[in-house]
Participant: 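Sharing a structure below in structure tokens format, with a few things to ask.
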Amino acid sequence: MSDETSATLSNFITDIIDEHLENGRFDHVHTRFPPEPNGYLHIGHAKSICLNFGTAQQYGGLTNLRFDDTNPTKEEVEYVESIKADVKWLGFDWDDRLYFASDYFGVLYEYAIQLIKQGNAFVCDLSAEELRQYRGTLTEPGKNSPYRDRSVEENLDLFKRMKAGEFADGSRTLRAKIDMSSPNLNMRDPVMYRILHEEHHRTGDEWCIYPMYDYAHCVSDSQEHITHSICTLEFEDHRPLYDWYLDQLGIFHSQQIEFARLNLTYTVMSKRKLLQLVKEGTVSGWDDPRMPTLSGMRRRGYTPEAIRTFAETIGVSKANSVVDVELLEHVLRDDLNNRARRVMAVVEPLKVIIDNYPENGEEFFDVAYFPYDRENSPTRPVPFSKEIYIERSDFMEEPVKKFYRLAPGQEVRLMNAYYITCTGVVKDADGEVVELHCTYDPESKGGMSPDGRKVRGTMHWVSARHALDAELRLYDYLLTKADPYDIPEGGDFTDNINPDSLQVLTGAKLEPSLKDAKVLEPFQFMRQGFFCADYDSKEGALVFNRTISLVDTWAKMQK
RNA sequence: UGGGGCAUGGUGCAAUGGCAGCACAGCGGACUUUGAAUCCGUUGAUCCAGGUUCGAAUCCUGGUGCCCCGGCCA
């Protein structure tokens, strides 16, 4: 088997492509991913990236990365850098085909002049407010602009002067001359250029007029000979305009195809709202591990493979839908399960003293990192001694039915070490359990007794003397409701923010081998979940993120 | 009758006139030195009404429901 990312996928988009290939409209496939650099990429963009790069790959074609940077008031270099890093991290390569819509400002301008000369565009002096009134409504046609019939010469002169900076922002626009009575509002003489005396992150102050999306996007696609321009559903109404520009200009005609964007339960997916969370300090930044951004998910411990598998699993269609976040979690666990080394870490420690173990005794067990494949697994030494920590939740003084873990008089197995039996419970003045006394069976070394007696409970542990202290960051959904927009009267989505989405545990105890854990390297803390060291982690001040907990059947049974 | 689009188990996606299937979730069991993973089994769906056809999720007609569109944003 080759490990090529994808089997052949079939969906409504490949159906269209197949048709184009058969009828000769195109003889190859070339797509593009066109982010606007006004925010960080999120899991919804990942769907689009995988779709664009994946589809082209499937047909032996190429994919360009093109920044849609036609609005200097919102766009920043910080965003273009983060976007490039995220696309690469996801595992896709645009080679030398990195483009910007701003690369085409020159040709866009020349084509605009052509359109003016053809009588397809005119300079309009209506204000934004007037323009809105002239546009009409959903059910009533609009009215022609009083400037619609200017001569070609006058339009040319005015447009050049717009470019030359002679007019104030908002005072004039260049508009396509189409049909003010079209039932499609996008065709009612849409604005092509607006005046914006604004510094652009790439072109500086070279321009003070900027093209609108509809005009810039189709021409950009055409310039790059993009065969299939894949975008989201809300642009379906724009397709006639997309086609109109290309037809009037008589240039290479890309085919726009629309698909339904990703929605996830318990997740807000709009860049505007994510920006709001960052600005209001609800999260620590775009890369906060609770964010659905690629940078946040990366920091959280997601792998690119998991995200790609997810994109493949959810498929693509034109039906609005909401994917259950549990599916994302499933592919994450599945991926991590196959790659994470198993180690022991106690999240909420409870001290255990093994009374019959030698006072200063110490021994090291050679433990496989991959217990399901011991023969081929690398190992590390794990120290054991008289005092250890176990998980607080692994002890119950009065065990409920089917509780197989530690309880007074009950015997359990310490993973890879010994069987122990609880013989005593020490409490503080408040009745809180602070310490346990146990005895161990020396015969059970390694975790099996010669008599073969059954021990139901198997627990992880860490030698107290050798333990590493660490801070653990446990994450929950950022929102309390599956539908972020299930909002109380008069509120907004921030009313649904989960106040407990971040839980910081400072007293965790880790096995010593974790001292050398590399940032973002995935581990499974056995019986707890998958964790990775955070960017903040330093020697002597370790910090681990819980990427995702293990499935917890026991917890479900307790409900 | 503004225009455009979409309806298949709880969720997402297949089936392109021929036995409605896959994944997740759920439920039951086996196994287990992770109450994980794995394995086995299982509940559950074609928006409605007509029509065409030997046969309709698929084609036709008429409904219903949901989404998008009135930025000089993308």
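The sequence lines fix the lettering, A, B, ..., with proteins before strands; numbering per chain opens at 1.
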Participant: Could you tell me whether Asn338(A) contacts a base, only the sugar-phosphate backbone, or nothing, with contacts defined as non-hydrogen atoms closer than 4.0 Å?
Facilitator: nothing
Participant: Is it the case that the side chains of Ser393(A) and Glu391(A) hold a donor-acceptor pair, with the cut-off being a distance below 3.5 Å and no angle test?
Facilitator: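 No pair is found: no donor N or O on one side chain lies under 3.5 Å from an acceptor on the other.
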Participant: How many whole angstroms separate atom CZ of Phe100(A) from atom P of A74(B)?
Facilitator: 16 Å
Participant: Decide, yes or no, whether a salt bridge links Asp69(A) with Arg202(A) under the criterion of side-chain N to carboxylate O below 4.0 Å.
Facilitator: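 Result for this pair is no, no salt bridge flagged.
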Participant: Classify the nucleic acid contact of Arg456(A) as base, sugar-phosphate or nothing, counting any heavy atom under 4.0 Å across all strands shown.
Facilitator: nothing
Participant: Output the single nucleotide from G35(B), U34(B), G2(B) whose closest atom is nearest the side chain of Thr139(A).
Facilitator: G2(B)
Participant: Please work out if Val455(A) contacts a base, only the sugar-phosphate, or nothing of the nucleic acid, heavy-atom cut-off 4.0 Å.
Facilitator: nothing
Participant: It should be established whether Thr70(A) places a side-chain nitrogen or oxygen under 4.0 Å from OP1 or OP2 of nucleotide C73(B).
Facilitator: no
Participant: Under 4.0 Å between any heavy atoms, over every strand shown, what does Arg413(A) touch: base, sugar-phosphate, or nothing? Just pick one.
Facilitator: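 Base contact - Arg413(A) has a heavy atom under 4.0 Å of at least one base atom.
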Participant: Taking only N and O in the side chain of His330(A), is any of them less than 4.0 Å away from OP1 or OP2 of C24(B)?
Facilitator: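 It does, given that an N or O in the side chain of His330(A) lies less than 4.0 Å from OP1 or OP2 of C24(B).
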Participant: Rounded to the Å, how far apart are Ile390(A) CD1 and G35(B) C1'?
Facilitator: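 From Ile390(A) CD1 to G35(B) C1': 15 Å.
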Participant: Any side-chain N or O of Arg333(A) less than 4.0 Å from the OP1 or OP2 oxygen of C24(B)?
Facilitator: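 Negative; the distance criterion is not met.
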Participant: A23(B), OP1 or OP2 - any side-chain N/O from Thr313(A) closer than 4.0 Å?
Facilitator: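 Answer is no, no contact under 4.0 Å.
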Participant: For Met459(A), report the nucleic acid contact type (base, sugar-phosphate, nothing); a contact means any heavy atom under 4.0 Å.
Facilitator: nothing
Participant: Above 12 or not: heavy atoms from other molecules or residues under 6.0 Å from CD of Gln558(A)?
Facilitator: yes
Participant: Side chain of Met526(A) only, heavy atoms from C-beta on: which candidate in U11(B), G35(B), U34(B) is closest?
Facilitator: U34(B)
Participant: Which value, in whole Å, describes the distance between the P atoms of nucleotides A56(B) and C13(B)?
Facilitator: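 Looking at atom P only, A56(B) and C13(B) are 26 Å apart.
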Participant: Heavy atoms only, 4.0 Å cut-off, all strands: where does Ile314(A) land among base, sugar-phosphate and nothing?
Facilitator: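 Sugar-phosphate, backbone atoms only, no base.
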Participant: Can you check the distance between G3(B) and U11(B), where both ends of the measurement are the C1' atom (answer in whole Å)?
Facilitator: 31 Å
Participant: Can you confirm if the aromatic rings of Phe235(A) and Tyr213(A) lie within a centre distance of less than 6.0 Å?
Facilitator: yes
Participant: When you measure from the side-chain N and O atoms of Arg172(A) to the phosphate of C72(B), is any distance below 4.0 Å, counting only OP1 and OP2?
Facilitator: no
Participant: Using a cut-off of less than 4.0 Å, is there contact between a side-chain N or O of Arg132(A) and OP1 or OP2 of G71(B)?
Facilitator: yes
Participant: Does Arg172(A) make a cation-pi contact with Phe167(A), if we ask for NZ or CZ under 6.0 Å from the ring centre and within 45° of the axis?
Facilitator: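 Cation-pi check for Arg172(A) and Phe167(A): passes.
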Participant: State the pairing partner of G50(B); accept Watson-Crick or G-U wobble contacts with both distances under 3.5 Å, and report none otherwise.
Facilitator: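 Its partner is C60(B).
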Participant: Rounding to an integer number of Å, can you tell me how far Glu234(A) CD sits from C67(B) P?
Facilitator: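 Rounding to the nearest Å, CD of Glu234(A) and P of C67(B) are 15 Å apart.
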Participant: Of the options G3(B), U34(B), A7(B), whose atoms approach the side-chain atoms of Thr458(A) most closely?
Facilitator: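 My answer, after comparing the listed nucleotides, is U34(B).
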Participant: Identify whether any heavy atom of Asp68(A) sits under 4.0 Å from a base atom; if not, whether one sits that close to sugar-phosphate; answer base, sugar-phosphate or nothing.
Facilitator: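 Sugar-phosphate: the residue Asp68(A), judged by heavy atoms under 4.0 Å, touches backbone atoms but no base.
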Participant: Would you call Asp103(A) and Arg66(A) a salt bridge, taking side-chain N to carboxylate O under 4.0 Å as the test?
Facilitator: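 The answer is no: the pair does not qualify as a salt bridge.
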Participant: Please say whether more than 12 non-hydrogen atoms of neighbouring residues, nucleotides or ligands are located less than 6.0 Å from CZ in Arg261(A).
Facilitator: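 No, CZ of Arg261(A) has 12 or fewer neighbouring heavy atoms, counting only those of other groups under 6.0 Å.
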Participant: Which one is paired to C39(B), where only Watson-Crick or G-U wobble pairs with both distances under 3.5 angstrom count?
Facilitator: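 When the pairing criteria are applied, G29(B) turns out to be the nucleotide that pairs with C39(B).
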Participant: Under 4.0 Å, counting only non-hydrogen atoms across every strand here, what does Val331(A) touch: a base, just sugar-phosphate, or nothing?
Facilitator: nothing
Participant: Rounding to an integer number of angstrom, what distance separates A14(B) and C47(B) when you compare their P atoms?
Facilitator: 15 Å
Participant: Strictly below 4.0 Å: does Lys454(A) bring a side-chain N or O up to OP1 or OP2 of U32(B)?
Facilitator: no
Participant: Determine which nucleotide pairs with G65(B), using a 3.5 Å limit on both distances of a Watson-Crick or G-U wobble pair.
Facilitator: C6(B)
Participant: Please check the phosphate of A74(B) (OP1 and OP2 only) for any side-chain N or O of Arg194(A) closer than 4.0 Å.
Facilitator: yes
Participant: Which listed nucleotide (G12(B), C73(B), A14(B)) is nearest to the side chain of Glu36(A)?
Facilitator: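 It is C73(B).
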Participant: Heavy atoms only, 4.0 Å cut-off, all strands: where does Tyr404(A) land among base, sugar-phosphate and nothing?
Facilitator: base
Participant: Starting from P on A74(B), measure out to NE2 on His45(A) and report it in whole angstrom.
Facilitator: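 After rounding, the reported distance stands at 15 Å.
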